[in-house]
Amino acid sequence: MPELPEVETYKRYLESTSLGKHINRVKVRDSRILELGEKDFIKNLQENTFKSVMRHGKYLFIAFDLSYLVMHFGMTGDLEYYAINREEPKYSKVLFEFTNNHVLSYISIRMFGKLDIADDVKKYIKEKKLGPDALKMSFEDLTNSLKRRTTNIKTALMNQEIVCGIGNIYSDEIIFRTNINPLTKINHLEEKQLRALFSNIKDVLQYGIEKKGELSTYSDKFLIPHRNRDDFCPVCHTKIKRYEILGRHGFFCPSCQKQ
DNA sequence: AGCGATGTTCGCCG
DNA sequence: TCGGCGAACATCGC
């Protein structure tokens, strides 16, 4: 279930459960989730200790002695830390067994997540061409990222090379709050709109983190609870419009978000 | 039982 | 060479 707020929640979960734990054994249940060979993957992590976790966009980097474990959750990734005598969670793809008789399971139902090993975080971010982290970036970072781009605001926000961490759901919310039509070209935005966009990115993501990414608990004033066919705008009560973009479904209020 | 899903990547086109 | 766009990927729940 991961966009930036969910991944930040996973980061905190890792920090509170797995930090400082020593890995006894790594079990790979489905090697298709790995970006490198199973043997290399295991060799990097076995007999090693979780040292720290950092997040960039929807990616987590877990530091070990010599390298980093990179986690990406795709659309259906999850983590579970549990006592070793408990039943293995369904759809577990990789299990990290610690010397304290607890296990961290990396779960992925639909195989869109990925686990990788990196030598250096900055290098990895550069190679993947990831843009600035949506929560940490400055206003200048955002405008630099948008330079020379001509696509629409919805596509831009979901493009991880432009801004890292925002996906389909949160981009809808951010654009709704900024009262911009999702198909507006970014090179047509005024300075004032860009400033509002920037501050709404921060506010929406921060709210999401505080709510631990549990969408069902979000305020009814948000668009998110109304991302449905036949639902209505929480501000003006106009019927929400659903449209297709990048093979995904976006939602917006045709009255609050005129082009 | 077919559709939709909180994501990324690749290949084609201009 | 770069940006934009659509299709492909895998699989489950509703």
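Predicted model, so just to flag it, every value in this text is computed and none were measured. So that the names make sense, note that chain A is the first sequence line, chain B the second, and so on, each numbered from 1. Computation of the quantities below employed the complete heavy-atom set of this structure, encompassing side-chain atoms and omitting hydrogens, waters and symmetry-equivalent molecules.
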TODO: Carefully, step by step, assess A/Leu45 and A/Leu69 under the rule side-chain contact (heavy atoms from CB on, under 4.5 Å).
DONE: CA-CA 8 Å; A/Leu45 303 174; A/Leu69 167 62; 4.1 Å; yes
Task: Worked check of side-chain contact (heavy atoms from CB on, under 4.5 Å) between A/Ile186 and A/Thr150 - done: CA-CA 6 Å; A/Ile186 51 180; A/Thr150 57; over 6 Å; no
TODO: May I have the step-by-step check of ring-ring contact (aromatic ring centres under 6.0 Å, His included) for A/Phe98 and A/Phe50, ending in yes or no?
DONE: CA-CA 10 Å; A/Phe98 298 118; A/Phe50 267 63; 5.5 Å; yes
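No engagement by A/Lys114 is indicated, since no non-hydrogen atom pair under 4.0 Å with the nucleic acid exists.
In this structure, CG on A/Leu183 lies 10.0 Å from CD on A/Gln257, to the nearest 0.5 angstrom. Expressed to the nearest 0.5 Å, how far OG of A/Ser216 lies from NZ of A/Lys211 amounts to 9.0 Å. Annotation: the span from A/Lys93 atom NZ to A/Leu34 atom CG amounts to 11.5 Å, rounded to 0.5 Å.
Atom CD of A/Glu244 is separated from atom P of B/dA5 by 9 Å (rounded to the nearest Å). One atom, CD1 of A/Ile245, and another, P of B/dA5, lie 14 Å apart when rounded to the nearest Å. The separation between A/Met71 atom CE and B/dG7 atom C1' is 17 Å, rounded to whole Å. Rounded to a whole Å, the CZ atom of A/Phe251 is 11 Å from the C1' atom of B/dA5. If you take CE of A/Met158 and P of B/dA5, they are 12 Å apart, rounded to a whole angstrom. Atom CG of A/Leu157 is separated from atom C1' of B/dT8 by 17 Å (rounded to the nearest Å). Whole-Å rounding puts the A/Leu205 CG to B/dT6 P distance at 16 Å. When the P atom of B/dT8 is taken as reference, atom CG of A/Asn168 falls 11 Å away, rounded to whole Å.
C/dA7 sits 16 Å from B/dC3 when the P atoms are compared, rounded to a whole Å. C/dA10 and B/dA1: their P atoms are spaced 24 Å apart (whole Å).
Ring geometry for A/Phe41 against A/Phe96 counts as tilted: the plane angle lies between 30° and 60°, on a 0 to 90° scale.
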For nucleotides 9-13 of chain B, print each protein N/O atom paired with a nucleotide N/O atom at under 3.5 Å, atom names and distance only.
residue, atom, partner, partner atom, Å
B/dT9, OP1, A/Lys128, NZ, 3.3

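Between A/His249 and A/Tyr243, the distance separating the two ring centers is not shorter than 6.0 angstrom.
The cationic atom of A/Arg55 (NZ for Lys, CZ for Arg) does not lie both less than 6.0 Å from the six-membered ring centre of A/Phe61 and within 45° of the ring axis. Under a cutoff of 6.0 Å and an axis angle of 45°, A/Arg177 and A/Phe222 form a cation-pi pair.
Without hydrogens or angle criteria, A/Glu47 side chain to A/Ile23 main chain gives no donor-acceptor distance under 3.5 Å.
Close to B/dG7, at under 4.0 Å from its OP1 or OP2, lies no side-chain N or O of A/Gln160. Of the side-chain N and O atoms in A/Lys58, none sit less than 4.0 angstrom from OP1 or OP2 of B/dT6. OP1 or OP2 of B/dA5 has at least one side-chain nitrogen or oxygen of A/His249 nearer than 4.0 Å.
If A/Arg242 and A/Arg248 are placed on DNA chain B by their nearest nucleotide, the residue sitting closer to the 5' end is A/Arg242.
Applying salt bridge (Lys or Arg N to Asp or Glu O under 4.0 Å) to A/Asp230 and the options A/Arg242, A/Lys241, A/Lys239 leaves one that passes, A/Lys239.
Pairs of Watson-Crick or G-U wobble type, with distances under 3.5 Å, assemble into runs of 3 or more in DNA chain C at these ranges: B:2-5 with C:11-14, B:7-14 with C:2-9.
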Open item on the list: Base contacts versus sugar-phosphate-only contacts with protein, heavy atoms under 4.0 Å: please encode nucleotides 4-14 of chain C as B, S and - from 5' to 3'.
Closed with: SS---BBBBS-
